[in-house]
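Notes follow the structure.
We're numbering straight along the sequence, starting at 1.
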Amino acid sequence: MATQHDIVKNVLSQYGKTYAEEAGIKLANRPSPLYELSVLTMLLSARISGHIALSAGRELFKAGFRTPARMADATWQERVDALGRGHYRRYDERTATMLGDGAELIQDRWRGDLRAIRGAKLRDDLTQIPGIGPTGSDIFCREVQEVWPELRPFVDQRARRGAEALDLPTDPEKLQGLVDDSDLTRFIDGLVRITLDEHAAQKITESKA
């Protein structure tokens with residue numbers, strides 16, 4: 001059976017990729033990548049598979065919609081078309097509208113720069129963006145801790161369920177202590193991915209690193 005050390009290494013090697021990375025976001029504490037993360041967060045918040053949400057995000061970014069100004073300037077149909085290319089069809093029309101509304105709000109309220117929401121009211125501010133509720137706020141915080149270290153260790157409920165399935169501690173500080181700081185976000189996202197694959201926990205806990 002795998003030791004705790006093995007389990008952590010297996011999570012990182014097999015599931016340790018952030019959602020931002022998978023969507024092609026080069027996350028940094030700059031306006032454009034932070035905005036891209038907010039778009040991905042909104043897409044992941046819908047009742048649709050994570051795979052499709054990631055694909056839709058990549059198509060939106062490929063189309064050049066990487067800033068709130070560019071998203072707001074795009075036509076509604078251009079946003080729908082990009083979502084469709086990512087197979088995000090079930091909610092494409094509603095989502096296209098929310099993307100436009102959210103871009104305008106971010107421009108008007110925070111001058112297009114989400115660094116303005118960094119601070120004590122972060123979670124409340126995030127839920128002002130159309131399509132981002134409490135679950136979306138968790139997703140954003142989980143990813144952005146990579147570049148906003150004051151949030152570390154941010155471990156949401158889904159990541160805790162992944163830790164529990166692997167018999168790892170669910171306390172955020174104890175989970176943080178299992179990895180280097182540079183691997184923390186990848187590890188937490190790996191725990192989330194564990195919850196999405198019914199065979200993952202068994203595979204991780206039964207194999208040595």
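For the atom pair CZ (F65) and CG (D73), the distance works out to 10.0 Å, reported to the nearest 0.5 Å. A distance of 6.0 Å separates OG in S55 from NE2 in H51, rounded to the nearest 0.5 Å. Atom OG of S137 sits about 11.0 Å away from atom CD of Q128, to the nearest 0.5 Å. The CG atom of D138 lies 4.5 Å from the CZ atom of R123; values are rounded to the nearest 0.5 Å. Interatomic distance, CD1 of I129 versus OG1 of T41, reported as 8.5 Å (0.5 Å rounding). Note that CG of N29 is 10.5 Å distant from CG of L114, once rounded to the nearest 0.5 Å.
If you chain together hydrophobic residues whose side chains sit under 4.5 Å apart, L168 and V179 fall into the same group. The cluster map of Ile, Leu, Val, Met, Phe, Trp and Tyr, joined by side-chain heavy atoms under 4.5 Å apart, puts V144 and L191 in different clusters. Each of L37 and I188 belongs to its own hydrophobic cluster when Ile, Leu, Val, Met, Phe, Trp and Tyr are linked at side-chain heavy-atom distances under 4.5 angstrom. One hydrophobic cluster holds both M71 and L54 under the rule that ILVMFWY side chains link at heavy-atom gaps under 4.5 Å. Hydrophobic clustering keeps L178 apart from V192 (ILVMFWY residues linked when any side-chain heavy atoms are closer than 4.5 Å, directly or through intermediates).
Nearest approach of A53 to L44, heavy atoms of both residues: CB-CD2, 3.7 Å. Nearest approach of A20 to E143, heavy atoms of both residues: N-OE1, 3.0 Å. In terms of heavy-atom proximity, P172 sits nearest to R160 at CG-NH2, 3.7 Å. Looking at every heavy atom in both residues, L40 comes nearest to A23 through CD2-CB, 3.8 Å. The shortest non-hydrogen separation linking A72 to A103 is N-CB, 3.9 Å. The two residues G136 and S45 make their nearest non-hydrogen contact at CA-OG, 3.3 Å.
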**Message:** Pair L34, R115 - check side chain to side chain contact (heavy atoms under 4.5 Å, CB included), show working.
**Reply:** CA-CA 8 Å; L34 291 173; R115 289 177 297 184; 3.5 Å; yes
**Asked** How far apart are the C-alpha atoms of L184 and F154, what are their side-chain angles, what is the distance that settles it, and do they pass the side chain to side chain contact (heavy atoms under 4.5 Å, CB included) test?
**Response** CA-CA 9 Å; L184 179 62; F154 187 89; over 6 Å; no
**Message:** Does F140 form a side chain to side chain contact (heavy atoms under 4.5 Å, CB included) with I132? I'd like the steps, not just the answer.
**Reply:** CA-CA 9 Å; F140 187 94; I132 298 180; 5.7 Å; no
**Item:** Full working for salt bridge (charged side-chain N to carboxylate O under 4.0 Å, His left out) between K62 and E59
**Value:** CA-CA 5 Å; K62 189 185 298 183; E59 289 298 332; 3.6 Å; yes
**Request:** Decide yes or no on side-chain hydrogen bond (donor to acceptor under 3.5 Å, both in side chains) for D6 and T3, but give the supporting numbers first.
**Result:** CA-CA 5 Å; D6 290 330; T3 65; 3.1 Å; yes
**Item:** Trace of the side chain to side chain contact (heavy atoms under 4.5 Å, CB included) decision for C141 with L126
**Value:** CA-CA 9 Å; C141 291; L126 284 168; 4.1 Å; yes
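Ion pairing between D125 and R109 fails under the 4.0 Å rule for side-chain N and carboxylate O. Comment: E146 does not engage R186 in a salt bridge, judged by the lack of any side-chain N to carboxylate O separation of less than 4.0 angstrom. Ion pairing of K17 with D189 is absent here, as no side-chain N (NZ or NE/NH1/NH2) approaches a carboxylate O to less than 4.0 Å. A salt bridge is absent between D113 and R111; no separation between the charged side-chain nitrogens and carboxylate oxygens falls under 4.0 Å.
No more than 12 heavy atoms of other residues, nucleotides or ligands sit less than 6.0 Å from atom CD of Q202. More than 12 heavy atoms of other shown residues, nucleotides or ligands fall within 6.0 angstrom of atom CD in E21. With a 6.0 Å radius and a threshold of 12 heavy atoms from other residues, nucleotides or ligands, R161 has its CZ atom above the threshold.
Checked by atom type, the side-chain pair Q77/D81 shows a donor-acceptor distance below 3.5 Å. When only modelled atom types and interatomic distance are considered, Y15 and N10 share no side-chain donor-acceptor pair under 3.5 Å. Side-chain atoms of D92 and T95 include no donor-acceptor pair closer than 3.5 Å. Residues S32 and E36 bring a donor and an acceptor atom of their side chains to less than 3.5 Å of each other.
Here the side chain of E78 pairs a donor or acceptor atom with the backbone of T75 at under 3.5 angstrom. S38 places a side-chain N or O within donor-acceptor distance of the main-chain N or O of Y35, the cut-off being under 3.5 Å. A donor-acceptor pair under 3.5 Å links the side-chain atoms of T205 to the main chain of A201, judged by distance alone. For the pair R79 (side chain) and A74 (backbone), a donor-acceptor distance under 3.5 Å is present. Checking side-chain atoms of D180 against main-chain N and O of D183 turns up no donor-acceptor pair under 3.5 Å. Counting only distance, with no hydrogens or angles, the side chain of Y88 and the backbone of L43 share a donor-acceptor pair below 3.5 Å.
Y19 carries R193 over the face of its six-membered ring, with the cationic atom under 6.0 Å from the centre and within 45° of the normal.
No side-chain heavy atom of T170 sits under 4.5 Å from any side-chain heavy atom of L175.
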